[in-house]
2 protein chains.
Amino acid sequence: MSEKLRQHIEKITPLTDIEFEYILSHFVPKKLKKHQFLVQEGAPVQYDYFVLSGLLKASYTNPEDGKEYILQFAWEDWWTTDYQAYFNQSNAILSLDCIEETEVLALSLTNREKICAEMHKIEHFFRRKSNSGYIALQRRILSLLTTSAQERYEQLLACYPDLIQRVPKTIIASYLGVSRETLSRFTY
Amino acid sequence: MSEKLRQHIEKITPLTDIEFEYILSHFVPKKLKKHQFLVQEGAPVQYDYFVLSGLLKASYTNPEDGKEYILQFAWEDWWTTDYQAYFNQSNAILSLDCIEETEVLALSLTNREKICAEMHKIEHFFRRKSNSGYIALQRRILSLLTTSAQERYEQLLACYPDLIQRVPKTIIASYLGVSRETLSRFTY
DNA sequence: CTATTAGTGTGACCTACATCACATAAAATC
DNA sequence: GATTTTATGTGATGTAGGTCACACTAATAG
């Protein structure tokens, strides 16, 4: 199963068996059931998570009205956590919980910085990952600024048709920034 | 003037004089007047820019209705370019132009990858920068999802009171994702 | 297999913000 | 310093999407 991490890293940089074993030794495997939390709002954030299987959501809950907004879905081959809290070692403003039964590899900040410092190629790997993440968020901002909720829904359907099968529409709605009722009225 | 780059990098990692001179030799200094473009939509993107002085905006223009949306303002101590086009060496979808007379240090992708590969500490520096950028964009997404245009304006005023003095409100409006007319009606 | 909870659809009505249309003021440019 | 161009304010009106309320259906848990 953790071979998935190796394949994932090797998309960017090749590894010897020994290197990979060494890297892997810095991760902690975790298995979670539906509705379990990996990060809870207000609590410290120990780990960044690489998803081996399953499906998670990273969300923010507005304390004023209790409304939930989804920042990110994460499934196989994705990394996720509350990065603000993780990198600053502060308390989470986001929650991270499982929409499906999920397996992850957890990496503490200490271990991340350790393997980055020890292995230049890993620092390179994480730089590249972070760059792609940045670009993806920029696209999302552009899509929030320029397109209607209906269009955003269509784009999501086009990009991730399977996601809609796996995730309740209420949650899709709060990812798109639209009310459940409005989403349900879209024709597609 | 380029000492600013050194100070900027040394916030994350110390440099010797020789190291800094070497790094600096990979940058090209440029001076630009108001309204000059550093990146033009449709054209290849050669450089990432570190801003020494002045003020720039990175924007997307919707081809359907010609409306402009601001993705980012960049001033002293900030990096900017169309990262999607820069990293993939494809054509720009964004434009980057000067709101004020501006001085930058330009770094080609080749030179960036070269100094990152040669100097582990520079790769580290860029990883850290990219991480912060990611977190900032995530906050912006959250703010677009959870707050009204009026609140976003107030937050912007609170964070960057000087920006409002330097940038016409039409452009502030298209950063906030609100029409010029609506912005002008806000009471504050 | 029954009971509770989570998910979805739909009507009626409301509101934040967009659009269009002018008017005026302030900068740039010749 | 006269003339474009750019920036800004404000009224009238339109609309996407929000909110509330209720009905129904599908999961999930005991």
Side-chain angles (χ1 to χ4, degrees), chain A residues 32-37 54-57 59 61-62 64-70 73 95 97-102 143-157 162-188, chain B residues 32-37 54-57 59 61-62 64-70 73 95 97-102 143-157 162-188:
Chain A
L32 297 123
K33 304 227 169 107
K34 212 166 158 168
H35 296 130
Q36 269 197 288
F37 284 82
L55 181 58
L56 297 149
K57 64 177 165 63
S59 62
T61 301
N62 189 329
E64 281 169 37
D65 57 7
K67 254 196 239 171
E68 187 186 46
Y69 298 87
I70 312 297
F73 291 110
S95 295
D97 68 291
C98 302
I99 296 177
E100 298 172 1
E101 197 177 311
T102 294
S143 135
L144 285 169
L145 286 174
T146 64
T147 62
S148 67
Q150 163 109 251
E151 285 172 293
R152 270 177 270 143
Y153 184 49
E154 283 161 13
Q155 281 167 20
L156 192 70
L157 275 173
D162 43 326
L163 188 72
I164 281 76
Q165 306 311 116
R166 292 165 77 180
V167 180
K169 294 206 176 153
T170 313
I171 291 176
I172 299 285
S174 63
Y175 174 83
L176 294 171
V178 78
S179 76
R180 214 215 81 219
E181 294 93 327
T182 298
L183 185 82
S184 138
R185 274 182 259 260
F186 290 159
T187 51
Y188 42 96
Chain B
L32 296 123
K33 305 226 169 107
K34 213 166 158 167
H35 296 131
Q36 270 195 288
F37 284 83
L55 180 58
L56 297 150
K57 64 176 163 67
S59 62
T61 301
N62 188 330
E64 281 168 38
D65 56 8
K67 254 196 239 168
E68 187 186 45
Y69 298 88
I70 312 296
F73 292 109
S95 295
D97 68 290
C98 301
I99 295 176
E100 298 172 0
E101 197 176 310
T102 294
S143 134
L144 285 169
L145 285 174
T146 64
T147 62
S148 69
Q150 163 109 251
E151 284 173 295
R152 269 175 272 143
Y153 184 51
E154 282 161 14
Q155 281 167 20
L156 192 70
L157 275 173
D162 43 326
L163 187 72
I164 280 74
Q165 305 312 115
R166 292 164 79 180
V167 179
K169 295 206 177 153
T170 314
I171 291 176
I172 299 284
S174 63
Y175 174 82
L176 295 172
V178 79
S179 76
R180 213 216 82 218
E181 293 94 329
T182 298
L183 185 83
S184 138
R185 272 182 260 258
F186 290 158
T187 52
Y188 42 95

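Quick note: numbers below take in every heavy atom, side chains included, and nothing from hydrogens, waters or symmetry partners.
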Whole angstroms only, please: what is the [atom1]-[atom2] distance between [X] and [N]?
{"X": "F186(B)", "N": "dA16(C)", "atom1": "CZ", "atom2": "P", "result": "11 Å"}
{"X": "K57(A)", "N": "dA6(C)", "atom1": "NZ", "atom2": "C1'", "result": "13 Å"}
{"X": "K67(B)", "N": "dC20(C)", "atom1": "NZ", "atom2": "P", "result": "9 Å"}
{"X": "L183(B)", "N": "dT10(D)", "atom1": "CG", "atom2": "C1'", "result": "14 Å"}
{"X": "Q165(B)", "N": "dT8(D)", "atom1": "CD", "atom2": "C1'", "result": "15 Å"}
{"X": "Q150(B)", "N": "dA18(C)", "atom1": "CD", "atom2": "P", "result": "12 Å"}
{"X": "I171(A)", "N": "dA6(C)", "atom1": "CD1", "atom2": "C1'", "result": "10 Å"}
{"X": "E64(A)", "N": "dG18(D)", "atom1": "CD", "atom2": "P", "result": "17 Å"}

Heavy-atom check, side chain of [X] versus side chain of [Y], under 4.5 Å:
{"X": "D97(B)", "Y": "Q36(B)", "result": "no"}
{"X": "K169(B)", "Y": "Y153(B)", "result": "yes"}
{"X": "L56(A)", "Y": "F73(A)", "result": "no"}

Shortest side-chain distance from [X], nucleotide among [options]:
{"X": "A149(A)", "options": "dG17(D), dC17(C), dT8(D)", "value": "dG17(D)"}
{"X": "T170(A)", "options": "dT10(D), dC17(C), dG7(C)", "value": "dG7(C)"}
{"X": "E181(A)", "options": "dA21(C), dG17(D), dA21(D)", "value": "dA21(D)"}

Under 4.0 angstrom between T182(B) side-chain N/O and dC17(C) OP1 or OP2: no
Under-4.0 Å side-chain N/O to phosphate OP1/OP2 contact, K169(B) with dA26(C):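 No, outside the criterion.
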R180(B) (side chain) and dT6(D) (base): donor-acceptor pair under 3.5 Å: no
R185(B) (side chain) and dG11(D) (base): donor-acceptor pair under 3.5 Å: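 Indeed there is one.
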Short side-chain to backbone donor-acceptor contact, R180(A) and A173(A), under 3.5 Å: no
Backbone N/O of S148(A) and side chain of E151(A): donor-acceptor pair under 3.5 Å: yes
Nearest-nucleotide comparison on DNA chain C, the residue closer to the 5′ end among H35(A) and D65(B):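 Per heavy-atom nearest nucleotide, the more 5' residue is H35(A).
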For nucleotides 24-29 of chain D, tabulate all protein N/O to nucleotide N/O atom pairs closer than 3.5 Å, reporting atom names and distance.
unit_1	atom_1	unit_2	atom_2	d
dT28(D)	OP1	K34(A)	NZ	3.0

Residue pair S59(B) / E68(B), side-chain donor-acceptor N/O under 3.5 Å: yes
Side-chain H-bond candidate by donor/acceptor type, S184(A) with E181(A), under 3.5 Å: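 The answer is no; no qualifying pair exists.
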